[in-house]
Amino acid sequence: MPGPPAPDQRLVAFEADCRRRGLALTIQRRAVFAELAERRDHPTADQVYESLHARLPGLSRTTVYRVLETLVGQGFARKVQHAGAAVRFDAMTERHHHLVCERCGRLADLDDTLVPSLPLPDARKTGFRVRDYSISFTGLCKSCR
């Protein structure tokens, strides 16, 4: 299975998509997306802010939170949530699964070929409409073992 596109390719595609949608391509929006596209550790909003603040001293934590919510809302990023942990963000929006360390909280992408594709369940009787799914496997990462 081929890996995700290189971060610079993702940024070019992101910029083109923003223009096509008429979505303002602000310095902050571009910087936050670029930061997500370069990282594989599924950062929290605070981690994104800490990483960018030195390069963009006028950047506020609130702006980072708003930009991340916009990116998620527009389908450029997704939230990765696990019980008892801070919300993390991922620029890889294709369905994929994760390994979660139950000691340090580290998240790692899992090669999708190892998990069979599951059909979305029909939950109409409950009034719930399933749009997607993600499977998380918990255990201990190499460092914590």
Side-chain angles (χ1 to χ4, degrees), residues 1-121 123 128-145:
M1 178 178 105
D8 57 333
Q9 292 173 327
R10 294 177 94 169
L11 189 56
V12 168
F14 169 72
E15 291 171 350
D17 249 1
C18 284
R19 285 187 200 98
R20 191 170 32 258
R21 296 178 190 193
L23 189 63
L25 189 57
T26 64
I27 292 168
Q28 296 88 345
R29 193 170 283 159
R30 187 182 189 285
V32 169
F33 181 82
E35 181 68 19
L36 279 183
E38 290 171 6
R39 295 178 69 150
R40 303 303 317 145
D41 64 342
H42 308 80
T44 64
D46 287 337
Q47 288 171 322
V48 172
Y49 169 76
E50 291 300 327
S51 182
L52 292 174
H53 184 66
R55 288 181 288 186
L56 296 171
L59 183 68
S60 73
R61 197 174 299 272
T62 302
T63 297
V64 170
Y65 276 85
R66 275 196 223 129
V67 168
L68 286 167
E69 289 300 327
T70 297
L71 293 177
V72 169
Q74 293 289 321
F76 293 119
R78 66 186 329 181
K79 288 182 182 181
V80 181
Q81 298 173 284
H82 300 286
V87 173
R88 295 170 175 264
F89 295 87
D90 192 350
M92 190 162 76
T93 57
E94 302 80 20
R95 180 183 300 146
H96 64 286
H97 311 296
H98 297 99
L99 300 169
V100 182
C101 181
E102 53 198 11
R103 184 171 295 155
C104 71
R106 179 176 179 260
L107 278 171
D109 291 331
L110 179 66
D111 179 0
D112 285 56
T113 60
L114 301 175
V115 180
S117 183
L118 301 172
L120 294 178
F128 197 87
R129 186 174 140 240
V130 177
R131 293 183 304 155
D132 200 4
Y133 66 90
S134 172
I135 298 171
S136 298
F137 296 90
T138 59
L140 294 175
C141 69
K142 186 177 181 179
S143 299
C144 291
R145 279 197 322 249

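Just so you know, these numbers use all the heavy atoms, side chains as well, and skip hydrogens, waters and symmetry mates.
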Notebook entry, point to check: Between His53 and Tyr49, how do the two ring planes meet: parallel, tilted or perpendicular, split at 30° and 60°?
Noted result: tilted
Next item on the list: Check whether any side-chain heavy atom of Val48 sits under 4.5 Å from a side-chain heavy atom of Val32, and report yes or no.
Entry: yes
Note to self: Can you tell me how far apart CZ (Arg29) and OG1 (Thr63) are? Round to the nearest 0.5 Å.
What the structure shows: 11.0 Å
Checklist line | Min side-chain heavy-atom separation Leu25-Arg19 under 4.5 Å | finding: yes
Note to self: I'd like to know if the side chain of Arg103 reaches the main chain of Cys144, judged simply by a donor and an acceptor atom lying under 3.5 Å from each other, with no hydrogens or angles considered.
What the structure shows: yes
Note to self: My understanding is that only residues two or more places apart in sequence, or in another chain, count here; which of them pass salt bridge (Lys or Arg N to Asp or Glu O under 4.0 Å) with Arg145?
What the structure shows: none
Item checked: Donor-acceptor pair, side chain of Arg78 and main chain of Glu94, under 3.5 angstrom -> yes
Item checked: Side chain proximity check, Leu107 to Asp41, heavy atoms < 4.5 angstrom -> no
Item checked: Donor on one side chain, acceptor on other, Asp109 and His97, under 3.5 Å -> no
Check: Would you say the side chains of Ser51 and Glu35 form a donor-acceptor pair under 3.5 Å?
Finding: yes
Item checked: Non-hydrogen side-chain atoms of His96 and Asp90 separated by less than 4.5 Å -> yes
Notebook entry, point to check: Does CG belonging to Leu118 count more than 12 external heavy atoms closer than 6.0 Å?
Noted result: yes
Margin query: I'd like to know if the side chain of Arg129 reaches the main chain of Ala123, judged simply by a donor and an acceptor atom lying under 3.5 Å from each other, with no hydrogens or angles considered.
Written below: no
Next item on the list: Kindly indicate whether the side chain of Glu15, heavy atoms from C-beta on, has any atom under 4.5 Å from the side chain of Arg30.
Entry: yes
Check: Mind checking what makes side chain to side chain contact (heavy atoms under 4.5 Å, CB included) contact with Phe137, not counting sequence neighbours?
Finding: Leu99, Leu110, Val115, Ile135
Next item on the list: With the side chain counted from C-beta on, respond yes when Met92 and Arg40 share a heavy-atom pair under 4.5 Å apart, and no when they do not.
Entry: yes
Next item on the list: Evaluate the side-chain proximity of Tyr65 to Leu68: yes if any heavy-atom separation is below 4.5 Å, no if none is.
Entry: no
Checklist line | Student check: side-chain heavy atoms of Phe76 and Asp17 closer than 4.5 Å | finding: yes
Margin query: Ring-plane angle category for Phe14 and Phe33, please: parallel below 30°, perpendicular beyond 60°, tilted otherwise.
Written below: parallel
Margin query: Does Arg21, at its CZ atom, have more than 12 non-hydrogen atoms belonging to other residues, nucleotides or ligands within less than 6.0 Å?
Written below: yes
